[in-house]
Amino acid sequence: MLATLLQIQPPIVALMLLLGAAAKAADRSAAGQGPASLLPRPLQRPFRLFAVAVEALLAVALLVLGGPLGDLARGGAAVLFAASAAALVLVRRRDPGMGCGCFGGLSTTPVGWRSIGRAGLLAAASAAAIGAAGTGAAALAAPSWTAAGLAAVELGAILALSPELDEAVARTARREPCEIRPVPVRRTLARLRASDVWRSVPATLDAERPEPVDVWRNGCWRLFRFDGRRYGRPVHVVFAVELRGRDPQVRAAVIDIGNGATLAVLGEVADDGSTPLPRTRNGAPQPTNTVLPRASRRFPGRNIPAARRTRDRTADTGPG
């Protein structure tokens, strides 16, 4: 039984690696979550892409390689998961509300002992398989009832250590409208900074004030205002981030502080008053990835009546 237990470890670890890589690759909004949050912001997106590549390569190696090369792949997986567990401990100490990002946008629950324990379990499983005969593919090609039973028990333990399952069940049961659903500010800000709109904003943000000077909600959108300069003139840069979906829409407007004119709009076609913007069901302009100079239009949500404008606090840590 012990030999069978060791032989099924490579395919189980490979499955978790493939799921993690696929979820990270599919979610473009989680670059700043988990261990990536420990790095400077310019390195967070490259780190996520690197993590996706390493996880996918290790998964394939665990399935097809045997002998010394297979042991090398199993040792690499053990090091990866052990390093992940250590990094998650640091993340929890640095930012208790940060998600682990283990499965991209699905892993938004704050890092806890379950996520750390899962990484530790997978590190132990990878290390224990070093020296086991055969490849992961061979174990899958010749299944037995003993192997199936042991795999079911181990996968059950992994699921029990996965807060993503709890979050998925809670979201399904809750089904709150996005207008009232609590979403942590830090998560929305991480999605903003991982977006193409953030990287292409035509203004220089104030380096001395890297955090937003104002944050508020308008329905299914959270808005952030930053100070900056464009062509030597002081401007406000207002970003709007959608609060629903795994790939939220992001748009921005650059507003001249002196006269209130909107100088540029990102993520939608500027409305000149003659041709209305295409709208979604909730009335928000649909994004078209177009940047147009403007001289008069104000950004949606900037003049929201007090009764409709909900002030956010940066200490917001509600579950999303």
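Start at 1 with the first residue, then count along the sequence.
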* Asked: Under a 4.5 Å cut-off applied to non-hydrogen side-chain atoms, are Arg251 and Val197 in contact?
  -> no

* Show the numbers, then the answer: is there a side chain to side chain contact (heavy atoms under 4.5 Å, CB included) between Leu192 and Phe224? => CA-CA 9 Å; Leu192 167 62; Phe224 299 90; 4.0 Å; yes

* To do: Answer whether the closest heavy-atom distance between the side chains of Phe81 and Leu17 falls below 4.5 Å.
  => yes

* Closest approach of Arg74 and Leu65, non-hydrogen atoms and distance? -> NH2-O, 4.4 Å

* Side-chain donor/acceptor of Ser115 to backbone N/O of Val111, under 3.5 Å -> no

* Consider only side-chain heavy atoms of I, L, V, M, F, W and Y, link residues closer than 4.5 Å, and tell whether Leu5 and Leu155 are in one cluster. => yes

* Arg94: partners by side chain to side chain donor-acceptor pair (under 3.5 Å), with sequence neighbours left out -> none

* Identify whether the distance between the nearest side-chain nitrogen and carboxylate oxygen of Arg193 and Glu211 falls below 4.0 Å. => yes

* Asked: Do Asp256 side-chain atoms and Asn259 backbone N/O form a donor-acceptor pair below 3.5 Å?
  -> yes

* Joint cluster assignment, Val60 & Leu15, ILVMFWY side-chain distance < 4.5 Å -> no

* Please check if Leu80 and Leu63 belong to a single hydrophobic cluster, counting links between Ile, Leu, Val, Met, Phe, Trp and Tyr side chain heavy atoms closer than 4.5 Å. => no

* Structure fact -> Closest non-hydrogen atoms of Pro10 and Leu62, given as atom of the first, atom of the second and distance, are CB-O, 3.7 Å

* **Geometric class of the Phe239/Trp198 ring pair [parallel <30°, tilted 30-60°, perpendicular >60°]** => tilted

* To do: Answer yes if Met16 and Val54 sit in the same cluster of Ile, Leu, Val, Met, Phe, Trp and Tyr residues linked by side chain heavy atoms under 4.5 Å apart, and no otherwise.
  => yes

* To the nearest 0.5 Å, what is the distance between CD1 (Ile255) and CZ (Arg230)? -> 12.0 Å

* **Point-to-point distance, once rounded to the nearest 0.5 Å, from CG of Leu49 to CD of Gln44** => 12.0 Å

* Sidechain N-carboxylate O distance under 4.0 Å for Asp227, Arg225 -> yes

* Side-chain ion pair, Glu164 and Arg118, N-O less than 4.0 Å -> yes

* Atom CZ in Arg217, atom OG1 in Thr188: separation rounded to 0.5 Å? -> 8.0 Å

* To do: Quick one: closest heavy-atom pair of Gly34 and Ser37, and the distance?
  => O-OG, 2.6 Å

* Structure fact -> In this structure, CD1 of Ile158 is separated from CG of Leu19 (nearest 0.5 Å) by 10.0 Å

* Asked: What heavy-atom pair brings Leu189 and Pro212 nearest, and what distance separates the two atoms?
  -> CD2-CD, 4.3 Å

* Any donor and acceptor pair, going by atom type alone, linking the side chain of Ser162 with main-chain N or O of Leu165 inside 3.5 Å? -> no

* Which heavy atom in Leu58 sits nearest to a heavy atom in Ala73, and how many Å separate them? -> CD2-O, 3.7 Å

* Taking the side chain as C-beta and beyond, is there a heavy-atom pair between Val238 and Phe226 under 4.5 Å? -> no

* **Transitive ILVMFWY side-chain link Phe47 to Val52, under 4.5 Å** => no

* Taking 4.0 angstrom as the limit, do Glu242 and Arg191 come out as a salt bridge? -> no

* Structure fact -> Here the gap from Met98 atom CE to Leu90 atom CG, rounded to the nearest 0.5 Å, amounts to 13.0 Å

* **Atom pair CG/CH2 of Leu161 and Trp113 - distance to nearest 0.5 Å** => 6.0 Å

* Asked: Do you know the tightest heavy-atom contact between Leu88 and Cys102?
  -> CD1-SG, 4.4 Å

